[in-house]
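Just below is one structure, and these are the notes that go with it.
Since the structure is predicted, the reported quantities are computational estimates derived from the model, not experimental observations.
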Amino acid sequence: MTRKTRILLLLCAAIFLSGVLGCVWVLNRPRGTWVEILQDGSLIQRIDLSQARDQNIDVEYEGRSNRITIENGRIRVSQADCPDHICVDRGWLDSSIPIVCLPNRLVIQYTDQGADIDALAQ
């Protein structure tokens with residue numbers, strides 16, 4: 001392998017790794033302070049975490065429940081009646097990757113739509 005080929009391969013590898021790291025960075029950063037709580041595809045509540053008071057929200061689905069905790073401008077599922085508790089283990093919502101409870105069909109995710117709704121309400 002010639003020196004020119006090695007340099008070209010290293011350059012391609014660096015570009016590829018930069019792209020992967022860029023995608024990870026974009027996926028992991030929250031996009032604002034508005035979150036949506038969805039169940040079975042329907043919007044239950046839209047909340048501005050920067051304005052929300054500390055509270056617990058209980059959501060039920062077919063006899064099972066999830067307790068959603070909002071505290072200090074953060075949100076998480078603190079208790080769940082699902083068999084695996086992956087949603088509880090996920091912890092605080094701190095990235096654009098949503099908190100999901102598949103058995104209870106619950107999704108908590110950041111959204112950009114809250115600002116538009118607030119502007120229309122005024």
(request) Applying side chain to side chain contact (heavy atoms under 4.5 Å, CB included), name anything that partners Ser50, two or more places apart in sequence or on another chain. (result) Thr33, Asp48

(message) Donor-acceptor check, side chain of Asp81 to backbone of Ser65, threshold 3.5 angstrom: yes or no?
(response) yes

(request) Answer yes or no: is there a side-chain heavy-atom contact under 4.5 Å between Ile86 and Val88? (result) no

(request) Decide yes or no for Leu49 and Ile70: does some side-chain heavy atom of the first lie under 4.5 Å from some side-chain heavy atom of the second? (result) yes

(message) So, using side chain to side chain contact (heavy atoms under 4.5 Å, CB included) as the criterion, who are the partners of Val107 when residues are at least two apart?
(response) Leu38, Pro98, Val100, Gln109

(request) Can you tell me which residue pairs pass the salt bridge (charged side-chain N to carboxylate O under 4.0 Å, His left out) test with a partner in residues 52-76, sequence neighbours excluded? (result) Asp58-Arg67

(message) My understanding is that only residues two or more places apart in sequence, or in another chain, count here; which of them pass side chain to side chain contact (heavy atoms under 4.5 Å, CB included) with Arg90?
(response) Leu93, Asp94, Ser95, Ile97, Ile99

(message) Within the structure provided, determine whether Asn66 and Gln79 are in side-chain contact (heavy-atom separation under 4.5 Å).
(response) no

(message) With heavy-atom distances below 4.5 Å as the criterion, would you say the side chains of Glu36 and Ile108 are in contact?
(response) no

(message) Evaluate Ile44 against Val59 for side chain to side chain contact (heavy atoms under 4.5 Å, CB included), listing each step before the verdict.
(response) CA-CA 9 Å; Ile44 295 175; Val59 179; 3.7 Å; yes

(message) Measuring only between side-chain heavy atoms, which start at C-beta, is Ile68 closer than 4.5 Å to Leu106?
(response) yes

(request) Mind jotting down which residue pairs meet the salt bridge (charged side-chain N to carboxylate O under 4.0 Å, His left out) criterion with at least one end in residues 95-106? Sequence neighbours excluded, please. (result) Asp40-Arg105

(message) For a 4.5 angstrom cut-off between non-hydrogen side-chain atoms, does Ile75 reach Ile37?
(response) yes

Side-chain donor-acceptor pairs of residues 3-23 under 3.5 Å, sequence neighbours excluded:
unit_1: Thr5; atom_1: OG1; unit_2: Thr2; atom_2: OG1; d: 2.8
unit_1: Ser18; atom_1: OG; unit_2: Ala14; atom_2: O; d: 2.8

(message) Would a single hydrophobic cluster contain both Val35 and Ile57, if residues Ile, Leu, Val, Met, Phe, Trp and Tyr are joined by side-chain heavy-atom contacts under 4.5 Å?
(response) yes

